[in-house]
Amino acid sequence: MKSLRLITLTIVALTICMASCSGEDGRDGINGEDGTNGVNGVDGTNGIDGENGVGFDELTKFGDVTMEMEGTRPDDLAFTDSTSFKFFPVGANFLQVVPPDFPTNSVRFSQQGSDTFHEFGMARFLSAPDDFYQNTGLGLFLNVKNLGQPTQSIEFAYISIVNYSVIGDDNMYFVINDGFSSTPFLNAELADFEFSNIAYDATTQILTLSYSVSVVALNNSSGNDLTISGTADVTLLQPITSP
């Protein structure tokens with residue numbers, strides 16, 4: 001018993017001594033310097049472009065119509081805008097057009113005395129067309145007298161822009177939804193048309209041209225003078241008729 005008590009007292013004494021005899025903590029050392037960043041690795045090779053989605057080639061194979069607009073917005077800020085209408089619905093309801101309606105992707109010929117007339121019609125959409133949600137489009141129609149001859153003239157021209165949103169860098173927008181005609185036609189507003197570089201290949205049925213349309217302030221959705229220009233590079237179709 002006496003030995004156990006001595007051992008216990010010895011342990012208590014050592015504990016008190018260790019607690020009371022420990023020195024004060026030293027000062028914190030100086031932080032080490034940050035290491036140098038490593039060298040960036042070489043960028044990897046870009047992946048291969050994916051294939052066009054199903055239906056894309058069928059809807060774009062007949063060519064496109066470009067459009068550039070320059071004018072002033074309804075809030076009196078100048079703007080420019082450009083896009084390409086490249087999608088065409090191949091359904092028969094867009095091909096079987098009965099006169100006097102305009103053809104949507106075809107050419108019609110007629111002869112009046114010594115004069116030959118080419119009536120061109122093309123309609124394209126901004127994206128894959130849909131009855132309601134994707135119906136933004138452009139239609140361009142013109143009747144050319146004596147194409148490619150010294151007496152060539154534009155007898156009639158019409159352009160229709162449907163539900164096109166002009167979106168500014170400030171995230172403000174307005175909508176162009178107008179039809180313009182070179183002569184009085186239904187509810188279309190009158191405008192000045194200019195065409196150049198009109199070329200039609202009867203073998204390939206490819207039509208190329210440049211166009212420009214000037215519209216006064218009262219006759220378009222912007223409420224200000226507007227200039228619309230662009231090009232067309234389209235393959236037109238002709239119906240098969242019985243011999």
Side-chain angles (χ1 to χ4, degrees), residues 55-67 83-131 134-149 151-164 178-183 185-188 191 193-213 228-243:
F56 179 88
D57 294 334
E58 287 78 4
L59 295 176
T60 60
K61 66 182 180 181
F62 295 117
D64 69 329
V65 181
T66 67
M67 181 182 73
T83 192
S84 174
F85 296 89
K86 63 180 64 176
F87 292 88
F88 174 74
V90 294
N93 59 317
F94 271 83
L95 297 176
Q96 296 175 349
V97 180
V98 179
D101 292 340
F102 296 113
T104 56
N105 193 51
S106 61
V107 55
R108 293 197 294 237
F109 307 96
S110 62
Q111 191 76 30
Q112 296 181 17
S114 60
D115 295 321
T116 302
F117 294 85
H118 288 73
E119 187 176 286
F120 299 109
M122 62 210 82
R124 296 292 184 273
F125 289 82
L126 190 61
S127 57
D130 178 81
D131 288 344
Q134 304 291 348
N135 63 354
T136 296
L138 179 147
L140 181 62
F141 314 94
L142 65 154
N143 189 0
V144 185
K145 176 181 176 181
N146 298 330
L147 177 64
Q149 301 179 27
T151 56
Q152 174 179 303
S153 63
I154 305 298
E155 298 296 290
F156 174 77
Y158 174 79
I159 187 171
S160 176
I161 303 170
V162 181
N163 294 332
Y164 182 75
D178 296 312
F180 308 113
S181 175
S182 61
T183 60
F185 176 75
L186 296 180
N187 296 322
F193 283 76
E194 291 185 9
F195 290 90
S196 60
N197 304 317
I198 303 175
Y200 176 68
D201 188 319
T203 301
T204 62
Q205 296 179 205
I206 294 177
L207 171 68
T208 58
L209 58 82
S210 299
Y211 70 92
S212 177
V213 187
I228 305 166
S229 60
T231 61
D233 186 351
V234 294
T235 300
L236 303 178
L237 306 176
Q238 286 184 267
I240 298 173
T241 56
S242 300

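Fair warning: this is a prediction, and the values are worked out from it, not measured in the lab.
Judged by distance alone, with hydrogens and angles left aside, the side-chain atoms of Asp201 form a donor-acceptor pair with the main-chain N or O of Thr204 at under 3.5 Å. Gln112 places no side-chain N or O within donor-acceptor distance of the main-chain N or O of Ser114, the cut-off being under 3.5 Å. Listed for the Arg124 side chain is no donor-acceptor partner under 3.5 Å among the backbone atoms of Thr60. Side chain of Ser181 to main chain of Thr183: a donor-acceptor pair is present (N/O by atom type, distance under 3.5 Å, no hydrogens or angles). Judged purely by atom type and a 3.5 angstrom limit, Thr136 uses its side chain to pair as donor or acceptor with the backbone of Asn163.
Leu140 places a side-chain heavy atom less than 4.5 Å from the side chain of Tyr211. Annotation: side chain of Phe193 is not in contact with side chain of Leu142 (no heavy-atom distance under 4.5 Å). Side-chain atoms of Asn143 and Ile154, non-hydrogen and from C-beta on, never get closer than 4.5 Å to each other. Between Lys145 and Thr151 there is no side-chain heavy-atom pair separated by less than 4.5 Å.
Judged as a side-chain contact (heavy atoms from CB on, under 4.5 Å), and not counting sequence neighbours, the contacts of Thr66 are Asp64, Ser84, Thr231. In this view, Phe109 and His118 satisfy the ring-ring contact (aromatic ring centres under 6.0 Å, His included) rule, not counting sequence neighbours. Residues satisfying the side-chain contact (heavy atoms from CB on, under 4.5 Å) criterion with Ser229, sequence neighbours excluded, are Glu68, Ser212. The salt bridge (Lys or Arg N to Asp or Glu O under 4.0 Å) test applied to Asp233 returns no partner, not counting sequence neighbours. For the ring-ring contact (aromatic ring centres under 6.0 Å, His included) test, no residue two or more places apart in sequence or in another chain qualifies with Phe180. For the side-chain contact (heavy atoms from CB on, under 4.5 Å) test, residues two or more places apart in sequence or in another chain that qualify with Ser196 are Ser210.
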**OP:** Could you check Phe185 against Phe141 for side-chain contact (heavy atoms from CB on, under 4.5 Å), going step by step and ending with a plain yes or no?
**Re:** CA-CA 12 Å; Phe185 176 75; Phe141 314 94; over 6 Å; no
Subject >> Trace of the side-chain contact (heavy atoms from CB on, under 4.5 Å) decision for Phe125 with Leu59 >> reply: CA-CA 10 Å; Phe125 289 82; Leu59 295 176; over 6 Å; no
Subject >> side-chain contact (heavy atoms from CB on, under 4.5 Å) evaluation trace for Phe62 with Val234 >> reply: CA-CA 6 Å; Phe62 295 117; Val234 294; 5.9 Å; no
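If you take CG on Leu207 and CG on Leu236, they are separated by 5.5 Å, rounding to the nearest 0.5 Å. Between the CD1 atom of Ile159 and the CD1 atom of Ile228 there is a distance of 5.5 Å, given to the nearest 0.5 Å. Atom CD in Gln205 sits 8.5 Å away from atom OG1 in Thr235 (nearest 0.5 Å). Taking CD1 of Ile161 as the reference point, atom CG of Asp178 lies at 7.0 Å (rounded to 0.5 Å). In this structure, CZ on Phe87 lies 8.0 Å from CG on Leu126, to the nearest 0.5 angstrom. To the nearest 0.5 Å, the span separating CZ on Phe117 from CZ on Arg108 amounts to 14.0 Å.
Heavy atoms only, all atoms of each residue included: Gln152 and Gly148 are closest at OE1-N, 2.7 Å.
With Leu209 as the fixed residue, the side-chain contact (heavy atoms from CB on, under 4.5 Å) test singles out one of Tyr200, Phe120, Phe195: Phe195.
The number of heavy atoms from other shown groups lying within 6.0 Å of CD (Glu194) does not exceed 12.
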